[in-house]
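Bear in mind the structure is a predicted one, so any value in this text is a computation, not a measurement.
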Amino acid sequence: MTVTVRVPGSLKQWFGGRDEAFCEGGTLGECIDQLDQRFPGIRDRLLSEEGRLGAVLIFLNGENVSKLDGLATAVRDGDEIGLIPFAAGG
Amino acid sequence: MIIDDPRSKFIFLYHPLVLMGRSYTVYQGREMTNGEVLEYWGKWIVLGDRPSLDDLAEKLDPFVENKEIPCIKYDRSPPRGLGVQECVMMVYCDRRNRDEVWKILARFGIKLKAWVTERDTMEMWLPGGLLLERWMSAQGYDEATRNAVREDAGKRLNHIFDHPEEIFKSWEQ
């Protein structure tokens, strides 16, 4: 089961200079944990100090995950996670 | 048509009717109320450098002209004061049409799919909202100016929340 993570150019350095990465997991939180193993520190970039959403905007198939189930949002094979700077949503 | 006025920090793509006083917040030919905008209006977010967004704007303009896309705006330069290093393009539409608009964007190679509702954006710019506070810090405003800005933002935005039946009116940007 593979989930694609996409980032804009300004965040490519988070993923070794690439604008997409791949991960696996049953939930968004599990995907972030797995990404953090491959790209150490990514969890701190994506989540607040308290481990909550809000440091960047995270989308699952285009939908803001804060309107879904947050880190508990279920992900499925072929899903796409998008990350953009928080302020870009305003 | 592309409206590139150097006095604005944004470059806009509108249908010419908007310049004749018609609203761009339209669904099925009817101007939307504040309540409808809060419920349905939003935008697909596209990030990129200025040349790439200029190029994309040229390609999307025909879709604005034929009313498949209601309105687009994008940054003249990256809003670094808000912590964003790229220009941001906002492709506006009603949620009920967003899949059709996304297909147009995907046709031009856009892959990162990010839908932000206008309600969410307005909440970020309300007094105490993260973006309003961050923007005022970047401007270096003193506390008196901050309070005046908060009051103005609150007055404008709360009017929209408090009067859902009125036709939505945007403000100069």
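The hydrophobic cluster containing B/Leu53 also contains B/Phe108, counting ILVMFWY residues as joined when their side-chain heavy atoms lie under 4.5 angstrom apart, directly or transitively. Note on B/Val26: it does not cluster hydrophobically with B/Leu13, by side-chain heavy-atom contacts below 4.5 Å among ILVMFWY residues. Side-chain heavy atoms closer than 4.5 Å link hydrophobic residues (I, L, V, M, F, W, Y) into clusters, and following such links, possibly through other members, connects B/Leu105 to B/Ile2. A/Ile32 and A/Leu68 end up in the same hydrophobic cluster when Ile, Leu, Val, Met, Phe, Trp and Tyr side chains are linked at under 4.5 Å. Hydrophobic clustering (side-chain heavy atoms under 4.5 Å, transitive across Ile, Leu, Val, Met, Phe, Trp, Tyr) groups B/Val64 together with B/Tyr74.
Annotation: side chain of B/Val116 is in contact with side chain of A/Phe59 (closest heavy-atom distance under 4.5 Å).
Taking both residues in full, the closest heavy atoms of B/Glu86 and A/Ser10 are given as OE1-OG, 2.5 Å, listed atom of the first, atom of the second, then distance. Considering all non-hydrogen atoms of both residues, A/Ala88 and B/Val84 come closest at N-CG2, 3.8 Å.
Within a 6.0 Å sphere centred on CD of B/Glu100, other residues, nucleotides and ligands contribute more than 12 heavy atoms. Heavy-atom contacts from other residues, nucleotides or ligands closer than 6.0 Å to CZ of A/Arg38 number more than 12. The 12-atom threshold is exceeded at CD of B/Gln139, counting heavy atoms of other residues, nucleotides or ligands nearer than 6.0 Å. Counted within 6.0 Å of CZ on B/Arg107, heavy atoms from surrounding residues, nucleotides or ligands total more than 12; the atom is thus considered enclosed.
Using a 4.5 Å cut-off between heavy atoms, A/Pro85 touches chain B through its side chain atoms alone. The part of B/Trp44 that comes within reach of chain A is its side chain, from C-beta onward, which places non-hydrogen atoms under 4.5 angstrom from that chain. For B/Trp125, the part lying under 4.5 angstrom from a heavy atom of chain A is the side chain only.
Here the straight-line distance linking atom CG of A/Leu83 with atom CG of B/Leu47 works out to 11.5 Å at 0.5 Å rounding. Atom-to-atom distance recorded for A/Phe86:CZ and B/Met124:CE is 4.5 Å, nearest 0.5 angstrom. Atom CG of A/Leu57 is separated from atom CH2 of B/Trp115 by 14.5 Å, given to the nearest 0.5 angstrom. Note that the CG atom of A/Asp19 and the NZ atom of B/Lys111 stand 7.0 Å from one another [nearest 0.5 Å].
For chain A, the option among B/Arg98, B/Lys43, B/Gln85, B/Arg134 with the highest count of heavy-atom pairs below 4.5 Å is B/Arg98. Taking B/Leu131, B/Val88, B/Leu112, B/Asp49 one by one and counting their heavy-atom pairs under 4.5 Å with chain A, the maximum is reached by B/Leu112.
For the pair A/Glu63 and B/Arg95, the salt-bridge criterion is met [side-chain N within less than 4.0 Å of a carboxylate O]. Ion pairing of B/Asp120 with A/Lys67 is present here, as a side-chain N (NZ or NE/NH1/NH2) and a carboxylate O approach within less than 4.0 Å.
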